[in-house]
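Everything on this sheet refers to the single structure shown next.
It should be emphasised that the depicted structure is a prediction, and the values quoted were computed from it without experimental measurement.
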Protein chains: 2
Amino acid sequence: MATIKDIAEQAGVSRGTVDRVLHNRPGVNKEVSLKVKTIAKDMGYKTNRAGRLLAAKKKPLKVGCLLPDIGNNFFESIIKGFEKAYDENKDFGLTYIILHIKGFEVLSHLKEIDNLVKQNCDALLLTTIDHPLIIKKINALIDSGISVACVNTDIPKSKRLFYVGADYFKSGQTCAGILNLMTKTKREILLLNGSYKMFGHNERLKGFIDTLDRNNTDYHIVEKDETLDDIERAYLITKKALIKYPEINTIYLGAGGSDGVGKAVLEERADNKPIVLCFDKVKETMHYINIGIVDATVTQAPFNQGYFSLKYIFEYEMIYNKKKKIDDYICPTHIYIKENL
Amino acid sequence: MATIKDIAEQAGVSRGTVDRVLHNRPGVNKEVSLKVKTIAKDMGYKTNRAGRLLAAKKKPLKVGCLLPDIGNNFFESIIKGFEKAYDENKDFGLTYIILHIKGFEVLSHLKEIDNLVKQNCDALLLTTIDHPLIIKKINALIDSGISVACVNTDIPKSKRLFYVGADYFKSGQTCAGILNLMTKTKREILLLNGSYKMFGHNERLKGFIDTLDRNNTDYHIVEKDETLDDIERAYLITKKALIKYPEINTIYLGAGGSDGVGKAVLEERADNKPIVLCFDKVKETMHYINIGIVDATVTQAPFNQGYFSLKYIFEYEMIYNKKKKIDDYICPTHIYIKENL
DNA sequence: TTGAAAGCGCTAACAC
DNA sequence: GTGTTAGCGCTTTCAA
């Protein structure tokens with residue numbers, strides 16, 4: 001494998017010059033630069049991770065993560081993923097901080113992004129809102145040389161470098177796929193979305209309906225509502241619906257709130273349980289799967305979302321020197337039932 | 001973070017001596033050694049990956065992998081995993097070779113293990129047979145200083161360092177869990193095991209039956225046989241059984257052969273399809289899931305098996321210097337249906 | 001515009 | 001037994 005030293009010898013220049021050329025740093029004669037570049041190409045030069053990373057220790061990378069995780073334990077696994085990626089790369093000069101916030105208010109998100117920048121982050125990992133002001137902010141950051149990637153929630157129209165997260169539509173389709181597997185009799189569905197303001201939740205719902213329609217599933221939506229990721233609200237809605245509509249035989253829960261739904265089902269339908277399908281694998285959901293109230297849950301590898309986003313942005317900065325495009329990473333869609341929990 | 005240099009200064013010795021102590025190399029005064037060790041501990045010394053790996057380039061690690069993959073494309077993903085781990089670590093001095101063999105004959109496995117050793121491998125990743133002679137061989141290798149880990153198939157009574165692979169029992173349980181989800185009517189089952197000689201296949205079957213019994217599933221095993229991972233054989237057995245026993249409404253396929261089973265079902269039961277459940281996610285299985293013949297398949301992250309086994313043995317040797325016990329890695333059990341394929 | 005040299009942390013060869 | 005030194009590949013600073 002060709003090294004900088006090899007190239008320098010071939011080109012009859014010093015290693016410093018080669019380094020300057022390879023990083024497009026100013027102050028190199030055009031002809032020399034061209035010569036070095038062609039030689040590097042000819043020799044198939046690839047920067048060596050070990051050398052690069054050892055030298056990089058002097059100038060560590062600080063990544064700032066914005067996580068609207070207050071009051072939402074879905075994000076626990078993402079944080080575990082961050083920790084793992086940090087662990088593997090801290091010796092190579094990686095540091096990171098997490099800013100925990102609550103909810104999805106544009107102004108508070110904007111403020112906290114600035115907050116991360118003020119703390120001298122070189123790169124940002126954001127779980128934020130697809131909104132014109134945020135897009136503008138991300139684009140400005142990118143233009144100023146700060147790398148930004150999206151985690152869990154994409155903002156495709158911005159200049160963000162890459163997205164690591166779920167394919168919500170597919171998770172909804174998978175949920176419908178399970179339902180079709182389970183029974184062919186007519187489904188009377190209580191449809192509980194998370195929030196109609198959330199792009200991901202809506203996509204999920206679309207995917208669910210899409211697959212039901214595509215398979216000519218015999219179904220009828222008895223009632224629909226939003227849980228707003230609120231347990232109490234989920235409980236009340238479910239309880240009321242189950243009382244009012246005894247025909248309900250299926251519950252779709254598009255986001256948080258399994259604790260409330262589970263409780264309501266236990267109270268109203270302990271013996272004639274409807275099919276209950278939900279998303280993500282937080283503690284409460286696992287509990288209701290274990291006791292047989294929730295039949296299945298669809299997840300999108302949240303650990304991976306944390307792990308790969310941090311790993312990739314680190315590699316983008318520290319190994320590829322911002323010169324290689326990083327592909328989006330769409331997490332695999334998994335189904336969990338009691339037996340493989 | 002404390003470095004070797006720091007420790008040397010604190011202890012008033014040279015870095016060379018500290019290095020010797022840290023690696024338990026001979027030729028160090030006992031008292032000096034003790035002193036250095038306590039200081040290292042006090043300062044919380046952890047070897048720095050970047051430094052270690054850069055230096056390690058001089059003495060690369062050669063890992064030899066034994067894979068009985070000839071005629072069995074299940075292993076393709078494992079190989080992809082190897083490639084990924086190699087890619088991430090080649091700059092750190094990792095090299096590897098794969099020895100492809102056919103079948104599970106003890107003598108040929110023994111011979112090929114020797115073959116890998118002859119090619120100067122420093123560490124071995126084996127997918128082999130749980131047999132006294134193999135155990136003896138593995139133990140001898142470990143005693144002679146060659147690291148050995150098991151991939152995909154464990155040999156727990158040997159001195160192998162760790163196991164990376166599936167929990168077959170759990171995969172069988174999960175398969176039964178899907179069946180229980182799908183229907184409550186009596187199951188008339190055609191039970192196709194891979195081979196009764198394979199520990200993993202038997203465990204899988206046990207897990208399947210265990211969960212059926214534990215849930216008081218109403219079932220009856222109409223017929224059982226081995227496919228021996230042979231497509232033609234699987235086809236003939238299935239075809240015959242479907243003709244002879246029209247009551248069959250469920251097929252359990254514990255190993256390779258989905259191509260044969262799928263074909264037979266298409267020919268004999270295109271309109272009144274039994275539930276078909278199988279394992280792994282090879283191309284043919286995916287095809288039969290896509291056209292609706294196979295209902296679901298249970299997998300155990302074969303890519304991860306390759307990726308983590310190579311990654312872990314590399315870290316064991318090159319980062320932890322054989323001094324840290326590596327935990328077994330049991331791959332997660334996943335369910336795939338058409339929608340999340 | 002370019003070269004020389006030091007240094008990131010660790011290892012190994014050689015010297016004493 | 002122990003210290004010294006060179007070097008892994010790359011970056012950066014200082015000097016020219």
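What separates CG of A:Leu53 from P of D:dC8 is a distance of 18 Å, to the nearest Å. Put simply, CD1 on A:Ile319 is 12 Å from P on D:dT11, counting in whole angstrom units. Distance NE2 (A:His23) to P (D:dG9): 16 Å, rounded to an integer number of Å. Atom-to-atom, CZ of B:Phe92 to C1' of D:dG9 comes out at 12 Å; the value is rounded to the nearest Å. Atom CZ in B:Arg20 sits roughly 9 Å away from atom C1' in C:dA12 (whole-Å rounding). Between B:Asp91 atom CG and D:dC8 atom P there is a gap of 15 Å when expressed in whole angstrom units. Counting to the nearest Å, the P atom of C:dG7 and the NZ atom of A:Lys57 are 16 Å from each other. As rounded to whole Å, 8 Å separates atom P of C:dA13 from atom NZ of B:Lys58.
Sorted by first and then second residue, the salt bridge (charged side-chain N to carboxylate O under 4.0 Å, His left out) pairs with a member in residues 323-334 of chain B read B:Arg160-B:Asp328; sequence neighbours excluded.
Applying the side chain to side chain donor-acceptor pair (under 3.5 Å) criterion to A:His131, with sequence neighbours excluded, gives no partner residue. Under the salt bridge (Lys or Arg N to Asp or Glu O under 4.0 Å) criterion, B:Arg49 pairs with B:Glu315, sequence neighbours left out. Shown here are the salt bridge (Lys or Arg N to Asp or Glu O under 4.0 Å) partners of B:Lys322, two or more places apart in sequence or in another chain: B:Glu317. With sequence neighbours left out, the side chain to side chain donor-acceptor pair (under 3.5 Å) criterion links A:Lys90 to A:Asp87. B:Tyr163 pairs by the side chain to side chain donor-acceptor pair (under 3.5 Å) definition with nothing, not counting sequence neighbours. The salt bridge (Lys or Arg N to Asp or Glu O under 4.0 Å) test applied to A:Asp19 returns A:Arg25, not counting sequence neighbours. Under the rule for a side chain to side chain donor-acceptor pair (under 3.5 Å), the partners of A:Asn304 that lie at least two apart in sequence or sit in another chain are A:Tyr329. Not counting sequence neighbours, B:Asp91 has no partner by the salt bridge (Lys or Arg N to Asp or Glu O under 4.0 Å) test.
B:Asp122 places no side-chain N or O within 3.5 Å of a backbone atom of B:Leu61 that could act as its donor or acceptor partner. A donor-acceptor pair under 3.5 Å is formed between the side chain of A:Ser309 and the backbone N or O of A:Gln305.
Between B:Arg15 and C:dG9 there is no side-chain N or O to OP1 or OP2 distance below 4.0 Å. For D:dT11, neither phosphate oxygen OP1 nor OP2 lies less than 4.0 angstrom from any side-chain nitrogen or oxygen of A:Lys59.
Interface remark: the B:Arg25 side chain does not form any donor-acceptor pair with the D:dG1 base, using a distance-only criterion of under 3.5 Å.
Where B:Gly51 and B:Ser14 each meet DNA chain D at their nearest nucleotide, the meeting point lying more 5' is that of B:Ser14.
The side chain of B:Val13 lies closest to D:dG3 when the candidates are D:dG3, D:dC10, C:dG9. Comparing D:dT11, C:dC10, D:dT2 by their closest approach to the side chain of B:Thr17 singles out D:dT2. Side-chain atoms of B:Leu54 lie closest to D:dG9 of the nucleotides D:dG9, C:dT11, C:dC8. Of all nucleotides listed (C:dT1, D:dG7, D:dG1), D:dG1 comes nearest to the side chain of B:Asn29.
For the helix from C:dT1-D:dA16 to C:dC16-D:dG1, the end axes, each set by the C1' atoms of five terminal pairs, are bent relative to each other by 50° (nearest 10°).
Residues from residues 30-49 of chain B lying near DNA chain C, meaning a heavy-atom separation below 4.0 Å, are B:Tyr45, B:Thr47, B:Asn48 in numerical order. Taken residue by residue, residues 2-9 of chain A places heavy atoms nearer than 4.0 Å to DNA chain D at A:Thr3, A:Ile4.
Side-chain contact between A:Ile135 and A:Asp130 is present, with at least one heavy-atom pair separated by less than 4.5 Å.
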